[in-house]
Structures are given as C-alpha cells and as structure tokens.
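Everything on this sheet refers to the single structure shown next.
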Amino acid sequence: MVKNKTIIHSLNDYNEFSNYLSNVKENQPKLYFFFTGKKKDNGRSWCIYCQLAEPVVKAFLSELKKDITFVYVDVGDRDYWKDRACPFRTDSRTKLMVIPTIIKWKGVQRLEGSQCNNRELLQMLMEDED
C-alpha cells in the first residue's frame, strides 16, 4: 500500500519564490502556495490574520491524506508588503491583494484572508477534480 504524503517547502522572499517557480514543471499536479507575513523574533507573523490561519492550515495538512506539494511563502515585513510596488502584488502569476492567501497553482482557486482558517474551505480547495 502506498502512503500519501504532503511535501512542504518554505520560501523566504520573492527571489526564492521566483527561483522555485522556474523549476516547477508545467504540468506539476497539486501544488499550493501559502503567502504569509514575515515572522518576527517571537516566531509569529506580523500579520494577525496570518497568525490565525497558520495553526489551522498546519493542523489540516497534518491530517491530509493526499499527495500534494504545499509551499509557505514569506512576503516580507509589513512595510515591504504594504508597498504597492511589492512584487508579490504586481506579479501576474500571484496577483496578491491580501495575506494570508492560499493559491492552487495553475488554477483559479484561492483562499484569502479569514477564508484561510476555515477547514471546510481548505478541504474544498484541495479536493481532486477527477
């Protein structure tokens, strides 16, 4: 019996995100990105909504019985994120307007803000289409 597994990566900034994408295969299935604010010295994001979503997402992933790749992406500190020229906001591949945001790569599905800490919505996002 083959055990399903969730592969988790963490990226620390926009350059790491871009480099990661350059190595993603065009048809890579079940790839998700979770964009959150940079963590402070206490290990918690400066973004309160990211703080609320993170434990829900981690618990959900720990129980998930699917083969997926889930990538945490740090969008930077508050000032960097709030800048309208922030590359995460201007990149046509992400089009981020709020954090936290979870994107199903190469799809239109996404969860934004408080949607990210709703287990039912997480389940719906990660359901197989087939």
Side-chain angles (χ1 to χ4, degrees):
M1 183 159 102
V2 177
K3 184 177 183 221
N4 292 325
K5 66 178 183 177
T6 301
I7 299 168
I8 297 177
H9 297 288
S10 293
L11 305 175
N12 295 312
D13 57 31
Y14 185 77
N15 288 336
E16 286 187 17
F17 173 70
S18 289
N19 289 338
Y20 184 88
L21 285 182
S22 67
N23 294 311
V24 169
K25 295 177 179 48
E26 186 63 32
N27 60 349
Q28 181 169 341
K30 300 177 184 144
L31 173 60
Y32 299 86
F33 290 97
F34 181 35
F35 298 92
T36 64
K38 181 180 183 80
K39 290 192 171 38
K40 300 183 289 186
D41 290 340
N42 65 6
R44 297 175 64 136
S45 171
W46 59 263
C47 166
I48 186 68
Y49 301 105
C50 300
Q51 290 179 31
L52 296 170
E54 187 173 6
V56 175
V57 170
K58 282 186 174 181
F60 178 82
L61 291 174
S62 72
E63 300 163 10
L64 192 63
K65 305 287 189 245
K66 296 184 183 233
D67 291 325
I68 69 163
T69 301
F70 194 87
V71 184
Y72 289 89
V73 184
D74 180 337
V75 301
D77 63 22
R78 187 178 189 283
D79 290 340
Y80 182 78
W81 165 249
K82 293 288 185 181
D83 184 342
R84 292 199 184 278
C86 174
F88 287 108
R89 291 177 177 273
T90 59
D91 190 318
S92 63
R93 300 169 297 183
T94 56
K95 299 179 189 147
L96 294 185
M97 296 172 48
V98 299
I99 55 171
T101 294
I102 301 173
I103 294 176
K104 182 174 185 178
W105 196 243
K106 296 295 182 183
V108 295
Q109 301 96 329
R110 68 172 52 209
L111 299 177
E112 296 178 325
S114 62
Q115 294 175 332
C116 295
N117 55 356
N118 182 317
R119 288 184 65 90
E120 289 178 14
L121 293 176
L122 285 166
Q123 182 67 44
M124 288 172 38
L125 180 70
M126 297 196 188
E127 283 179 352
D128 294 329
E129 299 86 31
D130 22 74

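All values below were derived from every heavy atom in this structure, side-chain atoms included, with hydrogens, water molecules and symmetry-related copies excluded.
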Say whether [X] and [Y] are linked into one hydrophobic cluster, either directly or through other cluster members, by side-chain heavy-atom distances under 4.5 angstrom.
X     : Y      : result
Leu52 : Leu111 : no
Ile7  : Val73  : no
Leu21 : Leu96  : yes
Tyr32 : Phe34  : yes

**Report entry** Asn42 atom CG, neighbour heavy-atom count above 12 within 6.0 Å
**Finding:** yes
Query - Other residues, nucleotides, ligands: >12 heavy atoms within 6.0 Å of Lys38 NZ - result: no
Would you confirm whether the ring centroid of [Y] sits within less than 6.0 angstrom of the ring centroid of [X]?
X     : Y      : answer
Phe88 : Phe17  : yes
Phe33 : Trp105 : yes
Tyr72 : Phe70  : yes

Query raised in the report: Who are the salt bridge (charged side-chain N to carboxylate O under 4.0 Å, His left out) partners of Arg93, not counting sequence neighbours?
Result: Asp91
Report task. Evaluate the salt bridge (charged side-chain N to carboxylate O under 4.0 Å, His left out) criterion for residues Lys66 and Glu127: first the C-alpha distance (whole Å), next the side-chain angles of each, then the deciding distance (0.1 Å), finally the verdict. Result -> CA-CA 9 Å; Lys66 296 184 183 233; Glu127 283 179 352; over 6 Å; no
What are the two closest non-hydrogen atoms of [X] and [Y], and how far apart are they?
X     : Y     : result
Tyr49 : Ile99 : CB-O, 4.3 Å
Asp83 : Ala85 : OD1-N, 2.8 Å
Arg89 : Met97 : NH1-O, 3.7 Å
Gly37 : Val75 : CA-CG2, 4.0 Å

Measuring from [X]:[atom1] to [Y]:[atom2], what's the distance to the nearest 0.5 Å?
X      : Y      : atom1 : atom2 : value
Arg44  : Cys50  : CZ    : SG    : 11.5 Å
Thr101 : Gln115 : OG1   : CD    : 9.0 Å
Thr6   : Lys65  : OG1   : NZ    : 8.5 Å

Is [Y] close to [X] at the side-chain level, that is, under 4.5 Å between some pair of heavy atoms?
X     : Y      : answer
Phe60 : Pro55  : no
Val57 : Asn117 : no
Leu64 : Ile68  : yes
Thr69 : Lys30  : no
Ile8  : Leu61  : yes
Phe35 : Val71  : no

Counting only pairs under 3.5 Å, give me each side-chain donor-acceptor contact of residues 118-126, with atom names and distances, residues two or more places apart or in other chains.
from, atom 1, to, atom 2, distance (Å)
Asn118, OD1, Glu120, N, 2.9
Asn118, OD1, Leu121, N, 3.1
Arg119, NH2, Glu63, OE1, 2.5

Tell me if a side-chain donor or acceptor on [X] pairs with a main-chain N or O of [Y] at a distance below 3.5 Å.
X      : Y     : answer
Arg110 : Thr94 : yes
Gln51  : Ser45 : yes
Trp46  : Gly76 : yes

Report summary line: residues 71-82 vs salt bridge (Lys or Arg N to Asp or Glu O under 4.0 Å), sequence neighbours excluded, gives none
